[in-house]
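Numbers here are sequence positions counted from 1. Please read all numbers here as calculations on a predicted model, not as lab measurements.
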Amino acid sequence: LAQVFSAVGLLGPSMAQIQIMGEVDKGCFMCACRLERNFFVHSVGEHFEYDGNDEVFTRRYEAEAAARLNPSEQPEDEFQRPLPPVDEVLTELRKQLEERRRAPEESRKRAAVIADQYKRLRPEVFTLEPKHQLSPDFIRIASELRACGSRPTAVNDCIASLCKEGLLRMPRQGLFIFDVLTPTFCGELVEELDHFKASGLPKTAPNTMNRHGAIMRELGFSEGLLDPFVAEYVDPIAAKLLPLQAEGLDSYRAFTVCYDAADGDHDLAMHYDNAEVTLNVNIGGNWAGGEVTFFGPQATRAGGEQDPISLSLACGEGVLHSARELHQAEPVTAGERQNLILWCRSSPVRNEQCPMCCGAPRLVPTNQHAHEGFTVPN
């Protein structure tokens, strides 16, 4: 397997040592950077790179620690506090790397337990029923964008018409707000998620930044609900609104996030997503604060080309944006809110460049629960 990937230039020379634990599924891959980068050590408050080589890490770490003790080597506009002993940091890094290597198999096991033991409260929410679940405006947006053809003038005219009728809002270039789900379905979906939460069955954090929420594939929402939702609605909409990012959305990762002013995640730091296109839909709650602030594409952030803009979403409303858009969730100051997030991926785009390490993807076989949307060329 490693020889095949090396032949197509997608597997680096050290990839044989970088692998997950457990079984893999055919055609499912992650980039090796998932097992090498962005390890956040809370005691330091910083991210580190670590590939399991303690000797290399120690050498680099100790050089950085020494530099921080020398004021002349610190940036003039940035104070960097002294680093703790390397053994303390390495202990945390080894733990996190082990967790990441085990995560795909543990996700598979949770999904199997849930499929076997979970008694669904509302079985109907696991199957797409457009007339009941989707906003009529959303259905119309998808229909008109699908039918308008591919000529840029026709697409622009269609978008302008949808905006004029109030079906689509564009607070600035690259951000699109529209109704997605009916309030009734949002309530039913939240009931199901609350029912699962109370079941006591195994669950995990939806991603490395949010602690509270659910991974929709593990709960069984993919095949009947989200697979057709993305293919029949999100893909044709994104193809016309964000054509540079969406060269066919052929995979996705869906999860919910919960923000609670009293007990839980209050906010989320600035970040971009491991996707090409993100759809963020509010599915319920009563809260104050909690806007989502957008800062512009990652590549233009340093130049300050766009002013930040903060958006609030009503129940059932969603915002579609490039996953390269830097954004953050502002603090929820009262109450709680819950959102459904879809990281939609396009293999023709990400096969050229991994969005997380910004390099050519170095593929590591994984299973469907940790698949990042990369494909191997024929």
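- To the nearest 0.5 Å, atom CG of residue Asp51 and atom SG of residue Cys33 are 12.5 Å apart.
- Counting only N and O atoms by type, the side chains of Glu247 and Ser346 include no donor and acceptor under 3.5 Å apart.
- In terms of modelled atom types and a separation under 3.5 Å, the side chain of Glu192 and the main chain of Leu121 share a donor-acceptor contact.
- Salt-bridge check for Glu62 with Arg68: failed, with every basic side-chain N at 4.0 Å or more from each acidic carboxylate O.
- Between the CZ atom in Arg94 and the CG atom in Asp87 there is a gap of 7.0 Å [rounded to 0.5 Å].
- Between the side chains of Gln328 and Asp267, not a single donor N or O lies within less than 3.5 Å of an accepting N or O.
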For a side-chain contact (heavy atoms from CB on, under 4.5 Å) check, start with the C-alpha distance between Thr58 and Leu90, then their side-chain angles and the critical distance, and finish with the verdict.
CA-CA 8 Å; Thr58 298; Leu90 271 173; 3.6 Å; yes
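- The only option from Tyr118, Phe196, Phe221 that meets the ring-ring contact (aromatic ring centres under 6.0 Å, His included) definition with Phe126 turns out to be Phe221.
- Under a 3.5 Å cut-off, the side chain of Asp273 and the backbone N or O of Ala275 do not form any donor-acceptor pair.
- Of all heavy-atom pairs spanning Arg350 and Pro355, the tightest one is NH2-CG, 3.4 Å.
- For Gln117 (side chain) and Leu201 (main-chain N/O), no donor-acceptor pair under 3.5 Å exists by modelled atom type.
- Side-chain contact of Arg151 with Asn156: a donor-acceptor pair under 3.5 Å is absent, judged by distance alone.
- Minimum interatomic distance between Ile215 and Ala205 (heavy atoms only, all atoms of both residues): CD1-O, 3.9 Å.
- Closest of all the heavy-atom pairs between Glu105 and Glu23 is OE1-N, 3.3 Å.
- Of all heavy-atom pairs between Tyr252 and Cys344, the closest is CB-CA, 4.1 Å.
- Proximity of a side-chain donor or acceptor of Glu325 to a complementary backbone N or O of Gly296 within less than 3.5 Å is detected.
- Among Asn280, Ile341, Leu340, the one residue that satisfies the side-chain contact (heavy atoms from CB on, under 4.5 Å) test with Val257 is Ile341.
- Rounding to the nearest 0.5 angstrom, the gap separating the OG1 atom in Thr366 from the CZ atom in Arg108 is 8.5 Å.
- Residues Asn339 and Thr256 bring no donor and acceptor atom of their side chains to less than 3.5 Å of each other.
- You'll find the side chain of Gln353 stays beyond 4.5 Å of the side chain of Pro361, heavy atoms only.
- For the pair Glu144 and Cys158, the tightest heavy-atom approach, listed with the atom from each and the gap, is O-SG, 3.6 Å.
- Arg345 contributes no side-chain N or O that, together with a main-chain N or O of Glu276, makes up a donor-acceptor pair within less than 3.5 Å.
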- Item | Evaluation steps, side-chain contact (heavy atoms from CB on, under 4.5 Å), between Ile159 and Leu145 | CA-CA 8 Å; Ile159 294 173; Leu145 288 173; 4.1 Å; yes
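- Using a 4.5 Å cut-off on side-chain heavy atoms (C-beta onward), Asn274 and Glu372 make contact.
- Although no hydrogens or angles enter the test, the distance criterion places a donor-acceptor pair under 3.5 Å between the side chain of Arg100 and the main chain of Arg34.
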In a table with atom names and distances, give each donor-acceptor pair under 3.5 Å that connects a side chain of residues 176-184 to protein atoms at least two apart or in another chain.
residue : atom : partner : partner atom : Å
Thr182  : OG1  : His132  : O            : 2.9
Thr182  : OG1  : Phe185  : N            : 3.1

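- A side-chain donor-acceptor contact under 3.5 Å links Glu218 and Ser107.
- Atom CD of Glu223 has 12 or fewer heavy atoms from other residues, nucleotides or ligands within 6.0 Å.
- Not less than 6.0 angstrom separates the ring centroid of His266 from the ring centroid of Tyr259.
- Distance check: Leu175 CG to Arg172 CZ gives 4.0 Å after rounding to the nearest 0.5 Å.
- When the side chains of ILVMFWY residues are joined at heavy-atom separations under 4.5 Å, either directly or via intervening members, Phe40 and Val44 end up in two distinct hydrophobic clusters.
- Tyr50 and Leu83 fall within the same hydrophobic cluster, defined by Ile, Leu, Val, Met, Phe, Trp and Tyr side-chain heavy atoms under 4.5 Å apart, directly or through other members.
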side-chain contact (heavy atoms from CB on, under 4.5 Å) assessment of Thr278 paired with His327:
CA-CA 11 Å; Thr278 296; His327 56 287; 5.6 Å; no
| said: Please evaluate residues Val281 and Glu317 with respect to the criterion side-chain contact (heavy atoms from CB on, under 4.5 Å), reporting the C-alpha separation (whole Å), side-chain torsions for both, the decisive distance (0.1 Å), and the verdict. | reply: CA-CA 6 Å; Val281 184; Glu317 201 170 42; over 6 Å; no
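- Residues Leu249 and Tyr272 are members of separate hydrophobic clusters, defined by side-chain heavy-atom contacts under 4.5 angstrom among Ile, Leu, Val, Met, Phe, Trp and Tyr.
- Counting only N and O atoms by type, the side chains of Ser347 and Asp250 include a donor and acceptor under 3.5 Å apart.
- The two atoms that bring Val277 and Gln245 nearest to each other are CG2-CB, 3.9 Å, heavy atoms only.
- Of the possible polar contacts, one joining the Gln133 side chain to the Glu129 backbone as a donor-acceptor pair under 3.5 Å is found.
- Atoms OG1 and CG, on Thr293 and Leu311 in that order, are 8.0 Å from each other to the nearest 0.5 Å.
- In terms of hydrophobic clustering, with Ile, Leu, Val, Met, Phe, Trp and Tyr side chains grouped at heavy-atom distances under 4.5 Å, Leu189 and Tyr233 are assigned to a common cluster.
- Side-chain atoms of Gln19 and Leu35, non-hydrogen and from C-beta on, never get closer than 4.5 Å to each other.
- Side-chain atoms of Asn351 come within 3.5 Å of backbone atoms of Thr375 as a donor-acceptor pair (strictly under, hydrogens ignored).
- Counting only distance, with no hydrogens or angles, the side chain of Asp25 and the backbone of Cys28 share no donor-acceptor pair below 3.5 Å.
- No option in His369, Met21, Met30 other than Met30 meets the side-chain contact (heavy atoms from CB on, under 4.5 Å) test with Pro104.
- If you check the side chains of Gln96 and Glu98, you find no donor sitting under 3.5 Å from an acceptor.
- Residues Phe255 and Val319 do not share a hydrophobic cluster, clusters being chains of Ile/Leu/Val/Met/Phe/Trp/Tyr side chains in contact below 4.5 Å.
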